[in-house]
2 protein chains.
Amino acid sequence: MNDSGQSSGSSARSKRKDARRNQQALLDAAAEVFVSSGVDAPVRDIAAKAGVGTGTIYRHFPTRADLVIAVYRHQVDACAEAGPALLAAGPTPHAALVRWVDLFVDFLVTKHGLATAMQGDSTCFGPLHTYFLDRLLPVCTQLLDAAADSGEIRSDLDAYQFMRGIGNLCVGADTDPRYDARRLVALLVAGLRQPH
Amino acid sequence: MNDSGQSSGSSARSKRKDARRNQQALLDAAAEVFVSSGVDAPVRDIAAKAGVGTGTIYRHFPTRADLVIAVYRHQVDACAEAGPALLAAGPTPHAALVRWVDLFVDFLVTKHGLATAMQGDSTCFGPLHTYFLDRLLPVCTQLLDAAADSGEIRSDLDAYQFMRGIGNLCVGADTDPRYDARRLVALLVAGLRQPH
DNA sequence: AATGAAACGGAACGTCGTTCCGATTACGAC
DNA sequence: GTCGTAATCGGAACGACGTTCCGTTTCATT
């Protein structure tokens, strides 16, 4: 098993100086553009902001989704690592679950259009979907199992469906002031509580 | 109240015979293509199936979304009309709400990609979103209010957020066998129950 | 300096929704 | 029947998108 998915050597010391410089410029530019124009911003805009040609993007990041992944990798990892920590710290598994979900929802809602991008498993964002799942599913499973074992929630919903549900509920939360994704996710979690 | 939004005179007796014929051919072709290739099917495919040029589509339906609306108008209307009926027939308002939600979810999940199309309020599907809301929001409000008045559910979630939540949960339900939108919607509704 | 490989940039491709416009057709007036 | 005209038609053309291609430039090595 290699360092799974390091898209085109994100950080592996490449031979040439310009290559490394451009890769970093691309990541910085993408981060900026994603904030100002959303994750759906045209590839050309990102290339322009980084001062490179479009071809350069695709040499470093095989597809649009890989660039998105590279930009948000740190935050996804942080979210993944927060799971066990919360479980160890929280008063109950359910409390930890709630807090972790808050973290995840905050992350999705904060990035314009990320939730939207993640579910449309069209040709374009498949890798994104996959990366999120690979990284977060085990954590979510652990939290869900713990809360189920302690009898706080029902145990008949797997983490995959739970996470997809949350992701879906976050769609459009950034563009519509009348829609409060956090609230609906809270409702979904409430529906998960053991009737007892 | 007029027949709000009759996109380009869907059924108003147009002057010319060929125009009427093409409009019907377009509706039939679109219905077929939507079933086989999803709501996202290229406009050109629909035009080809109907045996007309792409220009003809846009004379009858100003935008892609208007065609989608025209195809599903009957079913949306049926869903809207089922609301009061269920409320009158059901044992409790909550039961009526649950059944109506089932109806709505079935409708969304059955049409490939409809849910996905409805929330991406990009330039393209805005009208679709709007039509659904115009037609179904009053009905949903009525059901929600009735169930809240009878003390069965909490009253602090408006119909708009509720419907968006349901719509979002249905996204991708058709393409992913591991994802059961009906279940998650049921969980959401369960979370709505009054703690008492 | 010379050289070969790696990286560059932006033109070009295929797809999409949509617009445009010259050709065609139906229908009322004669 | 025929003719004029306005409505309708079909598909080429446009602009935006993600992605690919390839001639040119730049780097690291000698």
Side-chain angles (χ1 to χ4, degrees), chain A residues 7-10 12-27 29-30 33-34 37-70 113 116-117 120-128, chain B residues 7-10 12-26 29-30 33-34 37-70 113 116-117 120-129:
Chain A
S7 53
S8 230
S10 307
R13 188 75 61 94
S14 301
K15 283 210 159 171
R16 281 177 55 161
K17 183 178 46 178
D18 53 350
R20 240 176 310 147
R21 177 170 39 79
N22 276 334
Q23 175 145 332
Q24 192 55 50
L26 238 14
L27 282 172
V33 172
F34 287 169
S37 308
V39 188
D40 301 326
V43 173
R44 285 165 175 81
D45 289 2
I46 300 165
K49 185 124 200 165
V52 305
T54 55
T56 302
I57 284 199
Y58 285 92
R59 194 158 320 93
H60 289 292
F61 309 97
T63 183
R64 226 195 109 69
D66 294 300
L67 176 56
V68 178
I69 291 174
T116 311
D121 49 350
S122 50
T123 324
C124 183
F125 284 109
L128 213 171
Chain B
S7 56
S8 226
S10 306
R13 190 72 63 92
S14 302
K15 283 206 159 179
R16 281 177 55 163
K17 184 179 44 177
D18 55 349
R20 240 175 310 146
R21 178 170 39 78
N22 277 334
Q23 174 143 335
Q24 192 55 50
L26 238 13
V33 174
F34 287 167
S37 308
V39 188
D40 301 326
V43 173
R44 285 165 174 81
D45 289 1
I46 300 164
K49 185 125 200 162
V52 304
T54 55
T56 303
I57 284 199
Y58 285 92
R59 194 163 315 94
H60 289 293
F61 308 97
T63 183
R64 227 195 108 68
D66 294 299
L67 176 56
V68 178
I69 291 174
T116 310
D121 47 352
S122 50
T123 324
C124 183
F125 284 109
L128 213 171
H129 186 89

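Quantities reported herein were computed from a predicted structural model and do not represent experimental measurements. Proteins come first, then strands; the chains are lettered A, B, ... in the order of their sequence lines, and each starts at number 1.
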Notebook entry, point to check: If you pin B:Gly55 and A:Val52 to their nearest nucleotides in DNA chain C, which one's is more 5'?
Noted result: A:Val52
Check: According to a strict under-4.0 Å criterion, is A:Asn22 in side-chain N/O contact with OP1 or OP2 of C:dC8?
Finding: yes
Next item on the list: Go through the structure and list residues passing side chain to side chain contact (heavy atoms under 4.5 Å, CB included) with A:Thr54, not counting sequence neighbours.
Entry: A:Arg44, A:Ala47
Item checked: Residue list, side chain to side chain contact (heavy atoms under 4.5 Å, CB included) with A:Val43, at least two apart or on another chain -> A:Ile57, A:Tyr58, A:Arg64
Note to self: For B:Phe61, run the side-chain contact (heavy atoms from CB on, under 4.5 Å) check against B:Leu67, B:Ile69, B:Val68 and tell me which one passes.
What the structure shows: B:Leu67
Margin query: So, OP1 or OP2 of D:dT8: does either fall under 4.0 Å of a side-chain N or O from B:His60?
Written below: no
Checklist line | Contacts of type side chain to side chain contact (heavy atoms under 4.5 Å, CB included), residue A:Ala41, not counting sequence neighbours | finding: A:Val33, A:Ser37
Notebook entry, point to check: Near DNA chain C, which residues from residues 39-48 of chain B have a heavy atom under 4.0 Å away?
Noted result: B:Ala41, B:Pro42, B:Val43, B:Arg44
Next item on the list: Could you tell me the separation between the CD1 atom of A:Ile57 and the P atom of D:dC21, rounded to a whole number of Å?
Entry: 17 Å
Checklist line | A:Ala117 to A:Leu128 - nearest heavy-atom pair and separation | finding: CB-CD1, 4.4 Å
Check: Rounding to a whole Å, what distance do you find between A:Leu26:CG and C:dG9:C1'?
Finding: 12 Å
Notebook entry, point to check: Would you say A:Thr56 reaches C:dA7's phosphate, i.e. side-chain N/O to OP1/OP2 under 4.0 Å?
Noted result: no
Checklist line | For B:Asp45, all residues meeting side chain to side chain donor-acceptor pair (under 3.5 Å), sequence neighbours excluded | finding: none
Note to self: How many whole angstroms separate atom CG of A:Asp66 from atom P of D:dG18?
What the structure shows: 14 Å
Notebook entry, point to check: Rounded to the Å, how far apart are A:Phe61 CZ and D:dG18 P?
Noted result: 15 Å
Distances for protein N/O vs nucleotides 23-27 of chain C N/O pairs under 3.5 angstrom?
from   : atom 1 : to      : atom 2 : distance (Å)
C:dT25 : O2     : B:Arg16 : NH1    : 3.2
C:dT25 : O2     : B:Arg16 : NH2    : 3.3
C:dA26 : O4'    : B:Arg16 : NH2    : 3.4
C:dC27 : OP1    : B:Lys17 : N      : 2.9

Next item on the list: Please determine which of B:Arg16, B:Arg21, B:Lys15 meets the salt bridge (charged side-chain N to carboxylate O under 4.0 Å, His left out) test together with B:Asp18.
Entry: B:Arg16
Next item on the list: Report yes if at least one side-chain N or O of A:Tyr58 is closer than 4.0 Å to OP1 or OP2 of D:dT19; otherwise report no.
Entry: yes
Check: Donor-acceptor pair under 3.5 Å: do we get one between B:Thr54's side chain and the base of D:dA12?
Finding: yes
